[in-house]
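Have a look at the structure below, then the notes.
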There are 2 protein chains.
Amino acid sequence: MSQARIAIEKMKQSGMRVTKQRRALVAYLDKSGRFVPVTQLDRYMRSQYPGLSHDTIYRNVKAFEQLGILESDVENEQAIVKLQCDFQHPHHHHFICTNCHRVQEVKMCPLEYFEDQLPGAKIASHNFELYGLCAECAQKLGR
Amino acid sequence: MSQARIAIEKMKQSGMRVTKQRRALVAYLDKSGRFVPVTQLDRYMRSQYPGLSHDTIYRNVKAFEQLGILESDVENEQAIVKLQCDFQHPHHHHFICTNCHRVQEVKMCPLEYFEDQLPGAKIASHNFELYGLCAECAQKLGR
DNA sequence: CGTTTTAATCGGACTGATTACGATTTAATT
DNA sequence: AATTAAATCGTAATCAGTCCGATTAAAACG
């Protein structure tokens, strides 16, 4: 089942209405498959669907995020988004290729390692990304 | 030697001019000691030094970052900055208390752990922060 | 189906952070 | 003290993101 399908499913389950604007947004994000700057999403969607408003795009990006069907991040001071890649394991981390912007999941190393360094502290959340060249790009670029 | 002193020293060494605006910025960041939203830095400095322009503040934040005397991050979609806390070990990571916003350094767990998960990829950089309550706040708030 | 309800969209104006730039000042050098 | 190039100022512009009242259209229901 495609991620787009799952995303639409989740929208229905939550009582959120499935509008054609939302279908189009999800379809684009699904097709892209990787992180996309929100500004690019906005520009592209508005070029494809004249009359579509900024409001609709930004409002839905937030709604999708809260629903858990979209992940957002920041790269080079730019907000970037992608469809949630693993609905089974919402908590995971990414290796982001700086060449092709494709995303691979990685498992986090044990948090206990850090807890030992911060006696008494209550770690509530964390934030982790790896950047570099994916195997394919590394080979292609000969590095 | 204070961090402000070291920062000024680095400015001189790099050939960057030490203006009173830059001294004031560094002094404020040093006194604060923790991450501060850039917008707050801008508002505060302009209230203390009438005539100071946005341009000067934002330009210098970038210059300081490039010089390696300032670290920037993003929290709640807000750009935040602080003086570099460990000039000896520029590569380190932070635990940021969500209550008092104080920062503690942590050692990174071995990157090899992740390299094993991404055969062929060239990891170039990473990004890691921990959030939660520091020991002091955890006790104070009884959690 | 049609009707109804109300969430979602539209459009356009607005806000707030950040940048651009020509004119002016000033830190550092001699 | 004079020089000069870097830094600052002031103002305007840009750009991402938000707000809001009027309109449209999903979904539910008879």
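Letters A, B, ... are given to chains in the order of the sequence lines, protein chains preceding strands, and every chain is numbered from 1.
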Validation row: A:Phe64, A:Val81 side chains within 4.5 angstrom (heavy atoms):
no
B:Lys62 side chain near C:dT19 phosphate (N/O to OP1/OP2, under 4.0 Å):
yes
Using a 4.0 Å cut-off on protein heavy atoms (strictly under), produce a 5'-to-3' string for nucleotides 5-17 of chain C with B for base contact, S for backbone-only sugar-phosphate contact, and - for none.
-BBSBBB-----S
With the side chain counted from C-beta on, respond yes when A:Gln21 and A:Met45 share a heavy-atom pair under 4.5 Å apart, and no when they do not.
no
In terms of side-chain heavy atoms, does B:Glu65 have a donor or acceptor partner in B:Ser72 at a distance below 3.5 Å?
yes
Specify the residue among B:Asp42 and B:Arg23 whose closest nucleotide of DNA chain C lies further upstream toward the 5′ end.
B:Asp42
Between B:His94 and B:Phe35, how do the two ring planes meet: parallel, tilted or perpendicular, split at 30° and 60°?
perpendicular
Whole angstrom value for the distance that separates C1' of C:dT19 from CD of A:Glu77:
12 Å
Going 5' to 3' along DNA chain D, between which two nucleotides do contacts with chain B fall, using a heavy-atom cut-off of 4.0 Å?
D:dA5 to D:dG10
For the residue pair B:Tyr44 and B:Tyr28, categorise the inter-ring angle as parallel (less than 30°), tilted (30 to 60°) or perpendicular (more than 60°).
parallel
Validation row: B:Asp55, B:Arg59 side chains within 4.5 angstrom (heavy atoms)
yes
Is there side-chain contact between A:His54 and A:Arg46, with heavy atoms separated by less than 4.5 Å?
yes
Any side-chain heavy atom of B:Lys62 within less than 4.5 Å of one from B:Gln66?
no
Report the end-to-end axis angle of the helix from C:dC1-D:dG30 to C:dT30-D:dA1; each axis comes from five terminal pairs, and the value is rounded to 10°.
40°
With the 4.5 Å side-chain cut-off for hydrophobic clustering, are B:Leu133 and B:Leu130 part of the same group?
no
Could you check whether the rings of A:Phe114 and B:Phe128 sit parallel, tilted or perpendicular, using 30° and 60° as the cut-offs?
tilted
